[in-house]
Protein chains: 2
Amino acid sequence: MRADAKKNYDQLLAVARDVFTEQGADASLRDVARRAGVGLGTLYRHFPTREALLEALLRSSFDALAARAQGLEASGAPDDALLAWLREIIAFTHGHRGVIAPMMNAIEDENSALHASCVSLRAAGAALLARAQAEGHARADLDGAALFDLIAALAWLREQPSHAPRADHLFNVIASAILVDRRRADDSDSGRGTSGNG
Amino acid sequence: MRADAKKNYDQLLAVARDVFTEQGADASLRDVARRAGVGLGTLYRHFPTREALLEALLRSSFDALAARAQGLEASGAPDDALLAWLREIIAFTHGHRGVIAPMMNAIEDENSALHASCVSLRAAGAALLARAQAEGHARADLDGAALFDLIAALAWLREQPSHAPRADHLFNVIASAILVDRRRADDSDSGRGTSGNG
DNA sequence: ACCTGAACACCGTTCAAGT
DNA sequence: ACCTGAACACCGTTCAAGT
C-alpha cells in the first residue's frame, strides 16, 4: 500500500472507531469520511461495505473473544466457563452498539466481510457449549447456532434503553435456560424494582 | 372530519398496511403517501409520527391481544395460558416486521403514540404471569417489564432470517426459562439440524 | 495507484402557498 | 379546514476527472 493510502486507511479506522462509539455502528459513513478529512470515494475504496469497515475495526476483538473461549475451555467448570464467555461477548457487543444486527446478518451470508468472524465466534461458543453438555451442565438440545441466536437476542436487548435496569437479571434468566441444575445461576442482582407493570 | 380528509385518512391507512406488510414498519413514508395518491404533508397532518401511523394501523390488534390475555386469565392452567398468549404476541409481531423496535422504544416514552398500547400489553402479560407465579408455575423473580423484555427479544430474533429454522425451538427454550417444572415444554419441534457450527 | 467530490437516487420533516 | 409539493438537510453509492 502506498504511503498516502496507508495514512488514509489508518485515519479512517481511527475516526470510524470514534464515530461508531458515539453514534453506533449505523452511523453515517459520509460523516466518517468528512471527519477523517478524506473523500467519500476513498472510504469506499478501502472499505467497500460498512461490514468491511466493521470487520477491520473489530477484527482483533473478535480474535480475542475466540481465543478467550479456547482459554476457558481448558479451565474450571464447563458451565462457569460458558457463562464467563457469554458475559464477555455480551459486554463486547454492549460496547459496540449496533454491531449485533450486521453480525446476525453475516452469520449466513458468505459474502459479508463479517462472515468469517461470526462463524469463528459461533464455533468458539459451540465448543464451550459442547463441553458443558458433555458433563450434563447445559441443555442437550442446543447447538452453536442456537447459542448464537440467544447471544444475539441478549445483545439486542442490551441495546434497548428501557431494558437497561434489568440487563443483569435477564442475562441470568437466559443463562438459566441454557444451563441445567443451575436455574438461579449467580442471580443476586438488584435493580429490578416492583414497578413498571402499568 | 371533512369528507375529503376522511377519505385521505382511510386511504393512507390502507396503503400503509400494504407497504408495511411488504417492506416492514420502517418503510418509506414518502412511498406510502405516493402510493396513496396524497401529498406528503397530508400524511404528516394525519399521522405526525411513524408511531402514530403504526398505532392507528395496529390499535385493533393491540386491543385484541389485551382482550385475549384477559380471556386466557379465566381459562385453563396458568402456565398454559401464559404460554398460549406468548405464542400469540410473537405471531403478531412476526406478522408485522419492524414493529418491535418502536414498541420497545415506546414502552418508556410517554410521548410516543404507541406508549399506551405497549403499556396495556405489558399489563396484560403481567397479569398472566402473576397468575402463573401464584401457582408456582413461573419464576418468581420476573415482572411485567421483564416479560416484555423477553417478548421483545424473541420478537426481534424472529425477524432475523438466519434464525428462522430455530424459531419454534428457541421459543420453547425461553418459555422454559419463564416457567418452572416444565423445562422441556412442548418442545417436539424438528428443524434444528446438526450443521451450522462452522 | 490513488484521491476527490459532483451526481444520482433516495430519505424525513417543515411550511408557504394554494383551494 | 384541509391539501400540495417545493425546500432543506440529510443519506448510500458510483464514477468521471484529476494527481
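This one's a predicted model, so the numbers in the text were calculated from it and none came from an experiment. Scope of the values below: all heavy atoms of this structure, side chains included, with no hydrogens, waters or symmetry mates.
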task = Respond yes when some side-chain nitrogen or oxygen of B:S28 is under 4.0 Å from OP1 or OP2 of C:dC10, and no when none is.
result = no

key: Within 6.0 angstrom of B:E22 CD, more than 12 heavy atoms from elsewhere   = yes

task = Would you mind reporting whether B:H46 and B:M1 have side-chain heavy atoms less than 4.5 Å apart?
result = yes

key: d(CG, B:D4; C1', C:dG18) in whole Å   = 14 Å

query = Between D:dG5 atom C1' and B:L29 atom CG, what is the distance in whole Å?
reply = 16 Å

ask   = Which whole-number value in Å describes the distance from A:F47 CZ to D:dT14 C1'?
value = 18 Å

task = Find the partner of D:dT13: check Watson-Crick (N1-N3 plus N6-O4 or O6-N4) and G-U wobble (N1-O2, O6-N3) distances, both under 3.5 Å, and reply none if neither fits.
result = C:dA7

request  = Would you kindly compare B:G37 and B:R30 by the position of their nearest DNA chain D nucleotide and give the one closer to the 5′ end?
outcome  = B:G37

key: Atom-to-atom span, OH of A:Y44 to P of D:dA16 - whole angstrom   = 17 Å

message = Looking at C:dA1, which nucleotide sits across from it as a Watson-Crick or G-U wobble partner, both distances under 3.5 angstrom, or is there none?
response = D:dT19

query = Side-chain contact, heavy-atom cut-off 4.5 Å: B:L13 with B:F47?
reply = yes

remark   = Rounded to whole Å, CG of B:D26 lies from P of C:dC10 at a distance of 17 Å

inquiry  = Heavy atoms only, 4.0 Å cut-off, all strands: where does B:T42 land among base, sugar-phosphate and nothing?
reply    = base

ask   = Taking only N and O in the side chain of A:N8, is any of them less than 4.0 Å away from OP1 or OP2 of C:dC3?
value = yes

C:dG12 OP1/OP2 closer than 4.0 Å to side-chain N/O of B:R50 = yes

ask   = B:L43 has an atom CG; how far is it from atom P of D:dG5, in whole Å?
value = 14 Å

ask   = Do A:I174 and A:L86 touch side chain to side chain, with heavy atoms closer than 4.5 Å?
value = no

request  = Pick base, sugar-phosphate or nothing for A:A27, based on heavy-atom distances below 4.0 Å to the nucleic acid.
outcome  = sugar-phosphate

key: A:D31 side chain reached by A:R34 side chain, heavy atoms, under 4.5 Å   = yes

inquiry  = Is the phosphate of D:dC11 approached by A:R34 (side-chain N or O, under 4.0 Å from OP1 or OP2)?
reply    = yes

Interatomic distance, B:R45 CZ vs C:dT19 P [rounded to whole Å] = 16 Å

task = Could you state the atom-to-atom distance from CD of B:Q11 to P of D:dC2 in whole Å?
result = 18 Å

task = Ignoring backbone atoms, test whether B:H46 places a side-chain nitrogen or oxygen under 4.0 Å from the OP1 or OP2 oxygen of D:dC3.
result = yes

task = Look at all strands and tell whether A:L40 reaches a base, only sugar-phosphate, or nothing, counting heavy atoms closer than 4.0 Å.
result = base

message = Closest approach to the side chain of B:D31, judged atom by atom: which nucleotide of C:dC11, D:dT13, D:dC3 is it?
response = C:dC11

query = What's the closest nucleotide to the A:A5 side chain, out of D:dA1, C:dT13, C:dC3?
reply = C:dC3

message = Between A:R59 and A:D63, does any NZ, NE, NH1 or NH2 come within less than 4.0 Å of an OD or OE carboxylate oxygen?
response = no

